Each structure stands twice: as C-alpha cells, then as structure tokens.
Enquirer: 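Please find one structure pasted underneath; my questions will follow.
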Amino acid sequence: MKTGKTLSPAIEQALNQQIKMEALSSSKYLAAAAWCDAHGYSNSAEFLFAQADEERQHMMKIFHYVCDMGGHAISPSIGEVQHKFSSLREIFEYALESEVNVTEAIDEILTLARRENDYPTENFIQWFVTEQIEEEYIVRRAVELFDLMGEDKLALFMIDERIPKISFHDPMKGSEK
Ligand code: FEO
C-alpha cells in the first residue's frame, strides 16, 4: 500500500537542527535588544525585538512543517547566549555573523532536499532562501552605517535613528517593502 511521501530521517534531522538554530537566533536577538534598551538605543532595541519575534516565527514555520509532513518536531533546548557587548557596532556585527550562519544552514537543507529528490522540502525551504537575502542585507547595511558615520556620540545617536528605516528592495517582488 502506498502511504505517501514523508520526511527521510536525514531531512527530519536537518529540519530539527534548523528549528534549534532559529530558536537560538531569536534568543540572540532578544539578548541584543535588551542590551540596546539598557544602553539607551531604543530604536535599535525595537528593531531587535521585532527580529526576535520573526526568528520565533521562522522556528514555528519549520516546526509545523515537520509535524504536517508526519515527522517528529523537537521542541528545542538552547543554552546561554551572549548578553554583554562592548558597543552598538558589535551588536550588529554579531547579528550579521549569525545571519550568515543561518543562510549557510538553509542552503545545506536545500542541497540535501535536492539530493534526496524531496520536492516538498525543496519548495518549502525556498521561502527561507529568499528571507535570508533580506535578513542579511538589512544587518549588513546596519554594520556599514558605522563605517559611514563613525562612532562618536552624535553618530551613534543618528545610527540608532536610522536602523529601523533601513529598507529592502525585494528583487522577487520588484517593489520596496
Ligand atoms: Fe530565521 Fe534570520 O534566520
């Protein structure tokens, strides 16, 4: 009897690892947001709180996909994340490094799905490929602001004002988001 396509053990494991990575990413953004809030960078804090929410949504998207595909999604346990930072610049460099790592992990899942001819997972993970273009772009632009404007008190004030206004032109939609 045919029972339909389900996730292979390798794909299920990779998706569960990604669930964990998105949860870790959410926790990292939350800690970064708290640091910004405590240091008077309220706009950056607001931006980072929103990012933390988004990462949790990413986690839940994958979690539901694993469940919907007949797999066993694992509620992730994550350890301590960094809470102390030396500067606002370090926060965004930290965010960029984290996003680059996420992009690499997403790409690996896509490669695995293709190797296994798992078309549903290939199709599902494409959304994250596109999402990572935006996420990397925004934090990279944020890091560049420090090179452009410097890091004296006035520059930091202006960078904090600028952070939430960084916009992304989505090449898939051809319009400003
Ligand atoms: Fe969901 Fe920014 O990784």
Side-chain angles (χ1 to χ4, degrees), residues 1-35 45-83 91-143 164 166-177:
M1 184 181 82
K2 285 189 177 178
T3 56
K5 191 157 186 169
T6 55
L7 300 174
S8 73
I11 294 275
E12 187 173 320
Q13 187 185 21
L15 290 171
N16 271 316
Q17 275 171 4
Q18 196 59 35
I19 286 169
K20 195 169 191 150
M21 198 168 197
E22 302 290 346
L24 179 65
S25 189
S26 180
S27 186
K28 285 177 170 180
Y29 274 121
L30 201 54
W35 186 92
E46 199 177 320
F47 169 83
L48 294 162
F49 277 127
Q51 287 299 115
D53 280 345
E54 265 198 39
E55 299 301 354
R56 181 173 162 79
Q57 286 169 23
H58 295 169
M59 179 194 88
M60 291 308 298
K61 218 175 170 84
I62 304 169
F63 203 93
H64 283 300
Y65 177 75
V66 172
C67 291
D68 291 349
M69 292 298 288
H72 187 178
I74 306 294
S75 180
S77 80
I78 49 168
E80 275 291 308
V81 293
Q82 184 175 340
H83 290 279
I91 291 273
F92 286 97
E93 286 176 343
Y94 174 70
L96 180 56
E97 187 184 2
S98 179
E99 291 297 351
V100 169
N101 290 339
V102 170
T103 301
E104 286 173 1
I106 294 290
D107 289 351
E108 281 173 21
I109 296 172
L110 180 60
T111 302
L112 183 63
R114 284 188 173 163
R115 199 184 309 139
E116 297 203 1
N117 294 331
D118 181 342
Y119 304 123
T121 299
E122 179 179 342
N123 189 46
F124 170 75
I125 214 70
Q126 288 284 3
W127 183 89
F128 288 86
V129 173
T130 306
E131 179 71 4
Q132 281 311 115
I133 296 172
E134 176 174 351
E135 301 232 311
E136 267 196 43
Y137 173 86
I138 290 175
V139 283
R140 185 168 285 114
R141 298 301 290 201
V143 170
I166 298 172
S167 62
F168 175 69
H169 177 265
D170 187 344
M172 306 296 182
K173 290 185 182 160
S175 60
E176 284 292 321
K177 277 181 93 175

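Note that these values count all heavy atoms, side chains included, but never hydrogens, waters or copies made by symmetry. Just so it is clear, the structure is predicted and the values come from calculations on it, not from any experiment.
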Enquirer: Looking only at heavy atoms, which two atoms of A73 and I19 are closest? And how far apart?
Expert: CB-CD1, 4.3 Å
Enquirer: Do you know the tightest heavy-atom contact between V81 and A31?
Expert: CG2-CB, 3.8 Å
Enquirer: What are the two closest non-hydrogen atoms of Y137 and S167, and how far apart are they?
Expert: CE2-O, 3.3 Å
Enquirer: Side chains of I133 and F168: closer than 4.5 Å at any heavy-atom pair?
Expert: yes
Enquirer: How far apart are the closest heavy atoms of L112 and A14, and which atoms are they?
Expert: CD2-CB, 3.9 Å
Enquirer: Less than 4.5 Å apart, side chain to side chain, heavy atoms only: is that true for E22 and K61?
Expert: no
Enquirer: Give, for atom CD1 of I78 and atom CD of E80, the distance between the pair rounded to the nearest 0.5 Å.
Expert: 9.5 Å
Enquirer: Quick one: closest heavy-atom pair of S77 and K20, and the distance?
Expert: O-CE, 3.1 Å
Enquirer: Is it the case that more than 12 heavy atoms not belonging to E46 sit under 6.0 Å from its CD atom?
Expert: no
Enquirer: Are side-chain heavy atoms of E55 and K28 found at a separation under 4.5 Å?
Expert: no
Enquirer: Going from CD on E99 to CD on E136, what distance comes out if it is rounded to the nearest 0.5 angstrom?
Expert: 7.0 Å
Enquirer: Do Q51 and E135 touch side chain to side chain, with heavy atoms closer than 4.5 Å?
Expert: yes
Enquirer: Does any part of the side chain of M59, heavy atoms only, come nearer than 4.5 Å to the side chain of S26, both counted from C-beta?
Expert: no
Enquirer: Taking only residues two or more places apart in sequence, or in another chain, which ones meet Y65 in a side-chain hydrogen bond (donor to acceptor under 3.5 Å, both in side chains)?
Expert: T121
Enquirer: With side chains defined as the heavy atoms from C-beta onward, is the minimum distance between W127 and H58 less than 4.5 Å?
Expert: yes
Enquirer: What is the distance from atom CZ of F92 to atom CD of E97, rounded to the nearest 0.5 Å?
Expert: 15.0 Å
Enquirer: To the nearest 0.5 Å, tell me how far R114 CZ sits from Y119 OH.
Expert: 11.0 Å
Enquirer: Quick one: side-chain contact (heavy atoms from CB on, under 4.5 Å) partners of E104, sequence neighbours excluded?
Expert: V100, N101
Enquirer: Taking the side chain as everything from C-beta on, heavy atoms only, tell me whether L110 gets closer than 4.5 Å to E122.
Expert: yes
Enquirer: With side-chain contact (heavy atoms from CB on, under 4.5 Å) as the criterion, how do I138 and F47 come out once you've worked through the C-alpha distance, each side chain's angles and the decisive distance to 0.1 Å?
Expert: CA-CA 11 Å; I138 290 175; F47 169 83; 3.6 Å; yes
Enquirer: Determine the minimum heavy-atom distance between H83 and W35, stating which atoms define it.
Expert: O-CD1, 3.8 Å
Enquirer: Starting at CZ of F124, measure out to CG of L15 and round the result to the nearest 0.5 Å.
Expert: 7.0 Å
Enquirer: Could you pull out all residues at least two apart from I74 that satisfy side-chain contact (heavy atoms from CB on, under 4.5 Å)?
Expert: N16, H72
Enquirer: Say you draw a straight line from CZ of R115 to CD1 of I11; how long is it, rounded to the nearest 0.5 Å?
Expert: 9.0 Å
